[in-house]
Amino acid sequence: MVDLSTKIHELELKNPVCTASGTFGYGEEFADFFDPGLLGSIFIKGLTLKNRAGNPYPRMSETASGMLNAVGLQNKGIDHFIENIYPRIKEFDTHIIANVNGSTVEEYVELTERINELDHIPAIELNISCPNVKEGGMAFGVSCPSAVAVTEAVREVYDKTLIVKLSPNVTDIAEMALAVEGAGADSISLVNTFLGMAIDAETRKPLLSTITGGLSGPSIKPIALRMVWQVYKAVNIPVFGMGGIMNATDAIEFLLAGSSAVQVGTACFIDPQIPIKIIQGIEDYMERHGVKEVRELVGGLID
Amino acid sequence: MVDLSTKIHELELKNPVCTASGTFGYGEEFADFFDPGLLGSIFIKGLTLKNRAGNPYPRMSETASGMLNAVGLQNKGIDHFIENIYPRIKEFDTHIIANVNGSTVEEYVELTERINELDHIPAIELNISCPNVKEGGMAFGVSCPSAVAVTEAVREVYDKTLIVKLSPNVTDIAEMALAVEGAGADSISLVNTFLGMAIDAETRKPLLSTITGGLSGPSIKPIALRMVWQVYKAVNIPVFGMGGIMNATDAIEFLLAGSSAVQVGTACFIDPQIPIKIIQGIEDYMERHGVKEVRELVGGLID
Amino acid sequence: MKRIEDLTVKNLRWLNTNSYVLELSGSEATRDIRPGNFAEIRIDNHPDVFLRRPFSYLDYNKDEKTVSFFVKAIGKGTHKLGTLKKGETVNIIHPLGNSFSIPENKKVLITGGGSGIAPFIMLGRELKEKGNEIHILTGGRTSEDILFTDEFRKYGEVFCTTEDGSLGEKGLLTQHSIFSGKAFDYDLIYTCGPDGMMKAVASIAKERSIDCEASLENLMACGFGVCLCCIQETTEGNKCVCTEGPVFNINELKW
Amino acid sequence: MKRIEDLTVKNLRWLNTNSYVLELSGSEATRDIRPGNFAEIRIDNHPDVFLRRPFSYLDYNKDEKTVSFFVKAIGKGTHKLGTLKKGETVNIIHPLGNSFSIPENKKVLITGGGSGIAPFIMLGRELKEKGNEIHILTGGRTSEDILFTDEFRKYGEVFCTTEDGSLGEKGLLTQHSIFSGKAFDYDLIYTCGPDGMMKAVASIAKERSIDCEASLENLMACGFGVCLCCIQETTEGNKCVCTEGPVFNINELKW
Ligand SMILES: Cc1cc2nc3c(=O)[nH]c(=O)nc-3n(C[C@H](O)[C@H](O)[C@H](O)COP(=O)(O)OP(=O)(O)OC[C@H]3O[C@@H](n4cnc5c(N)ncnc54)[C@H](O)[C@@H]3O)c2cc1C
Ligand SMILES: Cc1cc2nc3c(=O)[nH]c(=O)nc-3n(C[C@H](O)[C@H](O)[C@H](O)COP(=O)(O)OP(=O)(O)OC[C@H]3O[C@@H](n4cnc5c(N)ncnc54)[C@H](O)[C@@H]3O)c2cc1C
Ligand SMILES: Cc1cc2nc3c(=O)[nH]c(=O)nc-3n(C[C@H](O)[C@H](O)[C@H](O)COP(=O)(O)O)c2cc1C
Ligand SMILES: Cc1cc2nc3c(=O)[nH]c(=O)nc-3n(C[C@H](O)[C@H](O)[C@H](O)COP(=O)(O)O)c2cc1C
Ligand code: FES
Ligand code: FES
């Protein structure tokens, strides 16, 4: 038996396979496919203080080995979450991690305070990297001072595990990571989607209502992997790596590049059972290579 | 008959389909496949002052809908080019554009001066975006002041068409474009490759000798297209768009996003005749849509 | 319950130059299938097809554990799917979505254009079982596009329009005389097909205050309610077409 | 001249569980093919195969306009290629690369391991035509891996090694008694196969001051000299394996 457990700050994960925010709903949608309690943790759909309708249709366009989305953080707001969704999912046998979004520092703080009251949410992921909202979102994640400001403000009111999710749409990802580490983050997750665009040559129109959207899927994997490796080398806090993970081999590559745990995103749309297959695949790999603890793999790249 | 001609500063192109530096050799390598004189122009393999061995093997790794390369500007230097290669290719019935690389501003300038003497090279592409060299290269292209410095210095000694090739590995591509426009560039080309990485999970080793390399191919198209559109809106000089163009539809999308002409790169490895097929495909599209001049398509996105 | 199944191609039959029926066997999900439901089919071996593709059921058979789909080959995925051979495996997630309402002993009109007729064979059968009187109106460009009429005749009277007049009345579906006739006294209208057609049917229904259900075909990334890409604006805000649809009462839609 | 051709699968024959011979017809390029040359084959319908794959010719036939390849199924592309059916189309760029030198009336040794034996049938034939005395040594894990011995016997004496001893001498190729025998008086040695094997053969050749040519299998993106990905360090700097190779005199290599 191999040991798949890993630790992010004070969070003990039974295995390093988590699901990415916005691609796994609130977990319950997958209950027909597998027991979500088997996951390392579940990053639920991005939350905001108030109800958000998100962007107009169309919001999606398939690309070469990937997809663009322009959902724009559609959700019914924190009140609705606490009343209607939280009670249904809080007993999952794994960590529920809230993805926190705001358009001002104050909104981030207020939302964090609300989530802080929820006993079964041991960590938040501060999303300063959503490319699909006009205000806030990625704007916070592409400049160090604003990333620091929001991280510090949230740190002030939050004692549980604080994960900051970085945008890959920056010149120097290691610099961003260092900045939010300095501002008090317990962990860093990356990458969010890349800002991209698609055009219908026949109609000459953009394929997304918002013209640009966020690129995810295997197409971004090489860039995401590079960024995870750069961040791993730069900071001393654990990293959640993601971006195009489609199978166990991809996940192992992210572990080797320095992720303490991984998040599986877009792949869940194509094979909803993929997170479980990845857990199994990592186990097989470890047995085959005589690796006893998955933690040995983290940052294990031989360079 | 449709009019495919387009103009970049003083450069009249018979059609908007060019081939990207480093993916089309010096053009002669394709003579068995088609007449390179049919192209809008040929961006030849990156030149440096001195012979460069490039990076150690392995230099290549296939990725989802793309590839990573770590060639590192291997070339025999400007003297060898002038003596041995230039005489063979100067009579091609199209523009030969030199891709200029240096590790210091002085090297860029000196190389430009050497190329300036060559009558059959009417333009240079200043490569401030190569991710595969330790010194210079991308370092110039990811900060505005250094991009401005090298562009201004080269502009000083060069009166022909000066194209500056931008790196996509930046937070704000429009800002970079504006900076080099202000520094005297006649045109902008983008994108160069994205910094990426690949790992062999079995051996735990990087798949490139340099660990990181440049990602190209259809996987990057959505991001490249977005950047071209952002740059087109920001500057008043013409743009050469590229990044993952595999067929005429892709090329038309880049034109609509604001490219005055496109460059075809990695696709040439898979179908060496693809540039010609793209010219034909654009012509067909124009006939089908009643577009008389290809220039009408440039920036024709209906947003 | 939603299932992920590897099914076997029992048959793939092209009906005309641009559409085919794909029949798959080995499904344990048939008992959960309702008229209007759909499935997300994975299309393998195509370098440019990344996501699954959604298709309404054409029919299913509980005893034979088969499900079938009527597919119009309109793009890369649907063309690729049409090259499957008997015995090959297809991965599908199903059944998904909501379903049409089934009244009892009413008079109903079914209107379907293009691949939009797919969900109506199952619907017709169930409606008939519940004693409804059924009229089925299908439209297409030419007679080639008018399919499954024999099947539909088992459930009710069949009308059709073609743009070139090669079968039935000449014109668009909503130009059929049925709409101007006196006997236009339906209790419920169903519609599925191109957006323009559905909107035209919906406006007629609204005008006459007849209940109307439309089955939408929004772009989908997941098909089971997690990506939030397929949304449709409704009077109650954005709804997920894949879980709260694909069937909507038109009064909900901001058409 | 390099050509891009759409050829037709004439035959695809699996030789054992992990290798097959692919025969393609319709080629106008056969007259330009030399022993050691290779082709870049496009592999379609696989979502994860983006680039072409290089393969040495196993053989060709000018009259029948056919070319054939011996392929070891080691990864996604080679497995996919192995599913081709008679009559299907394959796009190839060829012929590419340099070729082996062909001496006259000499004594030569050919050493091949794994898929590395592919280029040696054509070489053997040409060497024989020029009056050379030929010894062929092939190695593999088990007897299953020892292929084409009947064909090779037409050109010279055949020796072999298997790691499990199931055919020929037991051990690695370079442990064969031929290397320690008195008659080790070759004028030229050819080698192709795994890197370790080629290097071992090369070091023996160097030790005995015998000329030796090795055919390399570096990773390639283009195959015709423009990407500069396939380079090999040589005494004269980096050389392109696809245009200045794949055949190198080992004295050039920094082995
Ligand atoms: C609930 C539902 C039920 C459907 N039922 C049927 C049916 O029974 N028979 C049938 O023939 N078609 C049906 N469709 C439409 C079918 O899904 C699309 O025709 C198919 O996805 C096109 O795939 P493609 O690869 O051939 O097209 P592509 O080459 O990808 O693109 C061509 C066009 O197809 C549409 N399309 C592409 N991907 C999707 C997607 N994931 N979801 C929706 N539309 C897409 C787009 O408008 C695009 O412009 C249904 C769609 C939905 C949402
Ligand atoms: C000049 C030359 C001649 C060759 N001749 C033969 C031959 O006659 N028969 C034969 O079976 N094989 C031959 N090879 C090797 C063959 O090209 C690889 O086995 C094949 O490309 C693997 O493809 P894959 O998709 O199955 O492997 P993948 O699944 O992509 O990867 C498996 C491994 O294959 C190798 N590989 C992958 N892509 C390439 C590439 N573009 N070029 C080179 N190696 C690659 C890598 O080492 C990789 O780790 C030759 C290679 C070269 C360069
Ligand atoms: C449809 C969709 C919705 C998403 N919504 C969110 C979100 O609400 N919050 C967030 O932080 N990231 C969101 N993401 C980004 C993913 O969590 C993840 O960072 C990204 O998709 C890269 O991983 P992948 O390539 O495995 O999908 C979303 C991604 C997709 C595709
Ligand atoms: C093997 C290889 C070598 C390259 N060499 C150069 C170079 O010397 N100079 C340069 O400016 N760009 C170079 N590039 C980048 C391309 O010119 C182009 O910007 C990039 O590949 C994106 O376009 P594509 O996706 O169509 O290939 C190279 C790209 C590849 C794949
Ligand atoms: S398609 Fe994903 S939520 Fe409907
Ligand atoms: S494979 Fe491209 S230069 Fe050799």
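In what follows, chains are A, B, ... by sequence order, proteins preceding strands, each numbered from 1. Only this structure's heavy atoms are used, side chains among them; waters, hydrogens and symmetry mates stay out. If you're wondering where the values come from, they're calculated on a predicted model, not measured in any experiment.
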Minimum-distance pair of heavy atoms, taken over all atoms of [X] and [Y]:
X: A/Ala201; Y: B/Leu256; answer: CA-CD1, 4.0 Å
X: A/Met197; Y: B/Leu301; answer: CE-CD2, 3.6 Å
X: A/Leu297; Y: B/Arg204; answer: CD2-NH2, 3.5 Å

Residue of the set A/Leu215, A/Leu68, A/Ile211, A/Thr212 for which side-chain contact (heavy atoms from CB on, under 4.5 Å) holds with B/Arg226: A/Thr212
Value rounded to 0.5 Å, distance of [atom1] in [X] from [atom2] in [Y]:
X: A/Asp200; Y: B/Thr249; atom1: CG; atom2: OG1; answer: 9.5 Å
X: B/Ile302; Y: A/Ile199; atom1: CD1; atom2: CD1; answer: 10.5 Å
X: A/Asn169; Y: B/Asn169; atom1: CG; atom2: CG; answer: 11.0 Å

Side chain, backbone, both or neither of [X] within contact of chain A (heavy atoms, under 4.5 Å):
X: B/Ser167; value: neither
X: B/Ile223; value: both
X: B/Ala224; value: neither

Which of the residues [options] is involved in the greatest number of heavy-atom pairs with chain A at under 4.5 angstrom?
options: B/Ala257, B/Gly66, B/Pro222, B/Pro168; answer: B/Pro222
options: B/Leu255, B/Val228, B/Leu225, B/Thr63; answer: B/Leu225
options: B/Ser219, B/Pro218, B/Ala198, B/Gly300; answer: B/Ser219

Choice from A/Glu202, A/Arg288, A/Met246, A/Met227 maximising heavy atom contacts with chain B below 4.5 Å: A/Glu202
Neighbour count above 12 (heavy atom, 6.0 Å) for A/Lys233 NZ: yes
Proximity breakdown for A/Phe254 and chain B, heavy-atom pairs closer than 4.5 Å: neither
Side chain, backbone, both or neither of A/Ser61 within contact of chain B (heavy atoms, under 4.5 Å):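 The answer is neither part of A/Ser61.
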Working for side-chain contact (heavy atoms from CB on, under 4.5 Å), residues A/Leu195 and B/Gln230: CA-CA 11 Å; A/Leu195 197 63; B/Gln230 289 178 324; 4.0 Å; yes
